[in-house]
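Taking it in order: structure first as structure tokens, then the write-up.
So that the names make sense, note that chain A is the first sequence line, chain B the second, and so on, each numbered from 1. What you see is a predicted model; the values in this text were computed from it and never measured.
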Amino acid sequence: MAQSASPSGRQQHYAVPSPMPWPIMGSTALFLMALGAAFVFNGMLAGWASIAAGFVLLLYMMARWFGEVIGESEGGKYGGWEDGSFRWGMSLFIFSEVMFFAAFFGALFWTRVMSVPDLASIESNALMWPGFDAHWPSAGPAFLEKFQSMGAWGLPAINTALLLSSGVTVTFAHWALIRNDRAKLLVWLALTVLLGATFLGVQAYEYGHAYSALNLKLSTGVYGSTFFMLTGFHGFHVTIGAIMLTVIWFRCLKGHFNPDHHFAFEGVAWYWHFVDVVWLGLFIFVYWL
Amino acid sequence: MRWITTTNHKDIGTLYLWFSFIMFSVGGLMAVGIRMELFSPGLQVMDPDFFNQLTTMHGLIMVFGAIMPVFVGFANWQIPMMIGAPDMAFARLNNWSFWLLPFAATLLVLSFFMPGGAPGVGWTMYAPLTVQMGIGMDLTIFAVHILGMSSILGSINIITTILNMRAPGMTLMKMPLFVWTWLITAYLLVAAMPVLAGAVTMTLTDRHFGTSFFNAAGGGDPVLYQHVFWFFGHPEVYIIALPGFGVISQVIPAFSRKPLFGYASMVYATSAIAIISFIVWAHHMYTVGMPVTGQLFFMYATMLVAVPTGVKVFNWVATMWKGSLTFETPMLFACGFLFMFTLGGFTGLVLSLVPIDIQVHDTYYVVAHFHYVMVAGALFAAFAGIYFWIPKWTGHMYNETLGKIHFWLTLVFFNMIFFVQHFLGLAGMPRRIPDYPLMFETWNKISSLGAFGMGLAQLLFLYVVIDCIRKGAPAPQKPWEGADSLEWTHLPTPVPYHTFETPPVVK
Amino acid sequence: MRGTRIVSVLAGLAGLAASGAAHAIAWYFQTPVSGIARDIDQLHQVIMWLIIVIFVGVFGFMFWACYAHRKSKGHRAEQFHENTTVEILWTVIPALILVIIAWPVTKTVIAQKDTAAPELTIKVTGYQWKWGYDYLRGEGEGISFVSMLATPREQIEGGARKGENYLLEVDNEMVVPVGKKIRVIVTAADVIHAWWVPAFGAKQDAIPGFLRDTWFRVDRPGTYRGQCTELCGKEHGFMPIVVRAVPAEDYTKWVGERKQAMAAVAEDPSKTWKVDELVARGEKVYAANCVACHQASGRGAPPAFPPLAGSKVVNGPEPGQIDVVLNGRPNTAMQAFGKQLSDTDIAAVITFTRKSWGNKASEVQPAEVKARRK
Ligand code: HEA
Ligand code: HEA
Ligand code: CUA
Ligand SMILES: [Cu+2]
């Protein structure tokens, strides 16, 4: 963005970044994906073509846009002042993600504390839902199949350990970067990605187990809804985080970043920690309590 | 091509403003459709389904397409100029924030042409009615997602710009109040929009993937949707109002030739409104049957908002007091805002009281309330801002006489539409109905006539703007005697394409 | 010139107002007939006066400034812009005013929520687009009926003269005794509705799957009318609520008549009907229950409401259609009619649909319907 930064961190001269076609391409991509998804959801399978086109366009756009930004960063265009902007930007983005999860946690708390007990009140039992008792996990008064809930101390506990240790390894990687110890940096970072990937593998297995052995599905009443939507969105974020870490790993391999200028690394690390913290919330409220 | 790929905050601001005007026209024409159907009892021009679709889209388009973008347009034009920054912090992201909007709007409008039409569920999209809708509902949900993305990205940009791009010496407490209100608004947006995205996502999975978030049979609860929606929805109404407050806080001192009274308390009051706005949401849900403690808590919290809002109103009046007032069009709109926003605020206070709200909830009293705060509040503030800054933006003066006529027509017709709706609501006319009992006929006729008049008055506005751009007289650097923020004092008119290539020094 | 135009506009408005005067112009709350409604009315008046006073005060200042401190009058701006004392005053005084308002309001809120110890309990169920009433406890226990808009379609869509209670009239009114505490338990079968009688100051959302309650005590006999106040789909504007409050002895009489009528209607579901009897009866049931969605033409309003003419289900095996009508289709507007209609009515309406609009399927007898009930 700015050509250079003064020691005080303020811009001396400013050049507006060159115009670029990527934003509108991104919008087109989202539009195609939205339209396609709406068609597919309503049984018009031709929508898949639109989704695919949109997705490819989105990937292309991201690759080009980020590529440009990385190029500028490595070209030394960013000083302390842009760094500051990136820091604000990333923290706010993570905050907005927290609020997105908050909506689903809110749904979980609401059903557990308010709606399920209410459906099992004496009057409700007498007039509306005979015999329903407010026992969590609950799939609601009209759900008649048998299902089991996911216990906390099997796979989920392992996953907690995996994700927490990945938070530690990414910090070690960061320290290595600060010491400019490339070899350690690459190892610790690779380990982080590996832990993340293992986490995802375990989660995939867990889902399979839920569907086949526990008869626990997305459509298993509100327990299934909150369970799969919360863990699912979390898993999706882990995936994104792991992809970003992988990109960072390759950038490290190429020799990007230096001990006092590596916000891309830190931003992704922040994101990784955020995913970690969300998991702790999940572990406590979805699996354990 | 310039407009599509631009990264210049002024270009993007202009795009936002025109987009907003187009959406305002579309939403306004839908309102005219609504008023046509309500002109007399009986079904005349449309079937009830289409009426519900119009109501829904009118609300969504006006809120997300007209009012929010118009203020983002202001933010883009003004914030860098007012804090002495060269541009927005993330200039390219800024382009994306804008270019998401037309695509989302297309999805919304497209839904009318899908089998089953647009969703007829109200802009609040309450479950489980949403589950019964056709593909139009899905398009609307995705449109809301994209609109939300746009708002979040835009807000991140605005916050970062304000916190990280100020010229040396521009301390936080020296920023023009408009910048302050946007800083706070942007925080509200970042906190609230993702929650809305969550709410509509749950709607989507309830519709198509068998989840039971809002379905009692599966242990969920339709009321849960309302909680999640209004947790977003109430902050949203201040998202609509606060930037308008900011504009008014620039305009009134300028035409009173007197500094804003109580600058610091204005900042604190705005923050207080923003914080309280997160704990009052259930005042939209007094009739769902929540426990009495809940009702009382939300009632007290809601009443509390009147205090900081009152501080703002008093400060504005005190700014005018013993000033040297002139009444050019921006000032007329500001006075209109002050008078009628307060009226709307007072009906809000009436609504905050549980027993009274239970009586008038979901009637035209509520419709009257929120049009007073959103049209006579936010929209009037937007008009004030446009007349105020258009000389700076275009380099030309607008036609003052026509501007004044636009104000008076808008004022009169606005009140004609909405003042009588208070009576309708008190007397018991529910909202969102295409047909009504005979005793409501008179007020509805007056209201409809007012709507046609208000629409024509906006054509005049369009003419004034085009006339100003095409052949308005050249504007001086500082056309308003009392204006004192950086864009007037440090920049020529029209403003060069790139401003502040070297930062100004603020004393 | 300008003057005459203003006069003519005013005359026009006056004319309009006069044209409306034929049916009294309503502009304020309906006369309250319950304690809560009276409280609401009083609270509202107090608040209104308070607001008017504050409003006049604040804008008195503004208009005085607009009048006296104009540049064109030569007023020079003073430059004061801070005063902590007034800031504190205009924070504290409004806060105090609010506390004063909150007190009586809180009392009413608590009274409004107190549904304990009712003398009569009635369950109200919102359907798309009608109300079901079940008298649960108290005199009249066991009475149950459905209440629907009675305004003829010609008045709504056509040019027929609109009656006095246009859109506010139903086939079966809810009847209650005056002077008794009546608790209504409100719920819904499909989407959210809201049950509202303005004169009672009672409004309660009907949430599908949940029971919510409110109460009222009417103190004057009369017929009180309200409307559904939560958007519930296409016919949301057409599901009024009518409550007739009668003296206790008339109420007893009504209960007697109603029970007799119910006994008379209860038919033997094992009787075998002739096809044209079923069709004739079914046509009436259809007109009352199904036309709103599937239309008199049987063509529905696709894609929201499928046609029954030519439908695979209607022309298919009997049990399939019986199940749809008995149990509805989850998550669509097609509701379960099993609880609303008798076996005979269901058999009749199904037979009617299977024999109309070119459909040529077999008839259905009440016994078959009975057999498929769970
Ligand atoms: C710009 C948008 C905006 C703003 C600013 C407000 C401001 C307020 N609103 Fe409004 N509101 C809406 C937009 C807005 N609202 C919308 C869109 C809806 C309907 C949504 C839907 O259902 O579709 C709605 C609905 C709504 C309801 C629900 C009604 C119902 O559905 O039953 C309530 C209830 O409490 C309410 C209350 C308030 C209050 C207390 C304020 C307060 O902020 C007002 C404070 C201001 C003042 C009070 C005036 C100035 C103060 C003084 C001069 C000080 C002295 C005063 C006293 C001591 C009294 N609003
Ligand atoms: C800020 C937002 C905003 C604005 C500005 C408006 C503006 C107007 N609204 Fe709005 N309204 C809402 C937000 C807004 N509304 C919301 C949120 C709802 C709730 C929806 C719901 O229940 O779900 C609502 C609901 C609502 C209803 C209730 C509908 C119902 O319950 O069924 C009515 C009825 O009278 C109404 C009327 C109007 C009118 C007459 C205007 C007028 O002020 C409009 C005037 C403007 C015009 C007429 C356009 C003029 C422009 C042109 C003519 C230019 C054309 C130029 C070209 C084509 C080149 N609105
Ligand atoms: Cu039922 Cu609206
Ligand atoms: Cu609100």
If you count heavy-atom pairs under 4.5 Å with chain B, which of [options] comes out on top?
options: C:A37, C:C232, C:A111; result: C:C232
options: C:P94, C:P198, C:S72; result: C:P198
options: C:T91, C:L168, C:I40; result: C:I40
options: C:T108, C:I192, C:V109, C:I97; result: C:V109
options: C:E82, C:H44, C:E78; result: C:E78
options: C:E157, C:R76, C:Q79; result: C:Q79

Look up atom [atom1] in [X] and atom [atom2] in [Y], then write down how far apart they are to the nearest 0.5 Å.
X: B:M125; Y: C:L231; atom1: CE; atom2: CG; value: 12.5 Å
X: B:T326; Y: C:H75; atom1: OG1; atom2: NE2; value: 13.5 Å
X: C:K203; Y: B:I358; atom1: NZ; atom2: CD1; value: 8.5 Å
X: C:I47; Y: B:I356; atom1: CD1; atom2: CD1; value: 5.5 Å
X: C:L50; Y: B:F346; atom1: CG; atom2: CZ; value: 8.5 Å

Evaluate the side chain to side chain contact (heavy atoms under 4.5 Å, CB included) criterion for residues B:W316 and C:M62: first the C-alpha distance (whole Å), next the side-chain angles of each, then the deciding distance (0.1 Å), finally the verdict. CA-CA 9 Å; B:W316 285 321; C:M62 186 183 102; over 6 Å; no

Quick check: closest heavy atoms across [X] and [Y], and the distance to 0.1 Å?
X: C:L43; Y: B:P355; value: CD1-CG, 4.1 Å
X: B:V350; Y: C:M48; value: CG2-SD, 4.5 Å
X: C:A26; Y: B:W443; value: O-NE1, 2.8 Å
X: B:V313; Y: C:V58; value: CG1-CG1, 4.0 Å
X: B:P430; Y: C:Q227; value: CD-OE1, 3.3 Å
X: B:V317; Y: C:F61; value: CG1-CB, 3.7 Å

Any donor and acceptor pair, going by atom type alone, linking the side chain of [X] with main-chain N or O of [Y] inside 3.5 Å?
X: C:W64; Y: B:W321; value: no
X: C:D205; Y: B:G289; value: no
X: C:K113; Y: B:M290; value: yes

For a 4.5 angstrom cut-off between non-hydrogen side-chain atoms, does C:F238 reach B:L43?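 The answer is yes, as the side chains (C-beta and beyond) meet within the 4.5 Å cut-off.
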
Do C:L98 and B:Y300 make a side-chain contact, defined as non-hydrogen atoms from C-beta onward lying under 4.5 Å apart? no

Taking the six-membered ring for Trp, are C:W90 and B:F314 parallel (under 30°), tilted (30 to 60°) or perpendicular (over 60°)?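 Ring orientation, 0 to 90° scale: tilted.
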
Top contributor to chain C contacts, counting heavy-atom pairs under 4.5 Å, from [options]:
options: B:H361, B:R432, B:Q295, B:Q359; answer: B:Q359
options: B:A269, B:A427, B:S256; answer: B:A427
options: B:P222, B:A217, B:G116, B:G122; answer: B:P222
options: B:L343, B:T55, B:T130; answer: B:L343
options: B:S324, B:A216, B:C335, B:A264; answer: B:S324
options: B:P128, B:G262, B:G117, B:P48; answer: B:P128

Does any heavy atom of chain C fall under 4.5 Å from the side chain of [X], the backbone, both, or neither of them?
X: B:L338; result: both
X: B:P41; result: both
X: B:Q421; result: neither
X: B:R207; result: neither
X: B:M299; result: side chain
X: B:D435; result: both
X: B:F327; result: side chain

At a 4.5 Å cut-off on heavy atoms, which part of [X] comes close to chain B: side chain, backbone, both, or neither?
X: C:N165; value: neither
X: C:F200; value: neither
X: C:V86; value: side chain
X: C:Q204; value: both
X: C:C66; value: both
X: C:E230; value: both
X: C:A194; value: neither

Evaluate the side chain to side chain contact (heavy atoms under 4.5 Å, CB included) criterion for residues C:E87 and B:N315: first the C-alpha distance (whole Å), next the side-chain angles of each, then the deciding distance (0.1 Å), finally the verdict. CA-CA 8 Å; C:E87 297 274 4; B:N315 278 328; 3.1 Å; yes

Regarding C:K234 and the six-membered ring of B:F51, is the cationic atom NZ or CZ under 6.0 Å from the ring centre and inside 45° of its axis?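 No, a cation-pi geometry is absent between C:K234 and B:F51.
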
Checking side-chain polar atoms at under 3.5 Å, does B:Q132 have a donor or acceptor matched by the opposite partner on C:Q128? yes

Using the benzene-type ring in the case of Trp, are the ring centres of B:F339 and C:F63 under 6.0 Å apart? yes

Does a sphere of radius 6.0 Å around CH2 in B:W123 hold more than 12 heavy atoms from other residues, nucleotides or ligands, not counting ones at 6.0 Å or beyond? yes

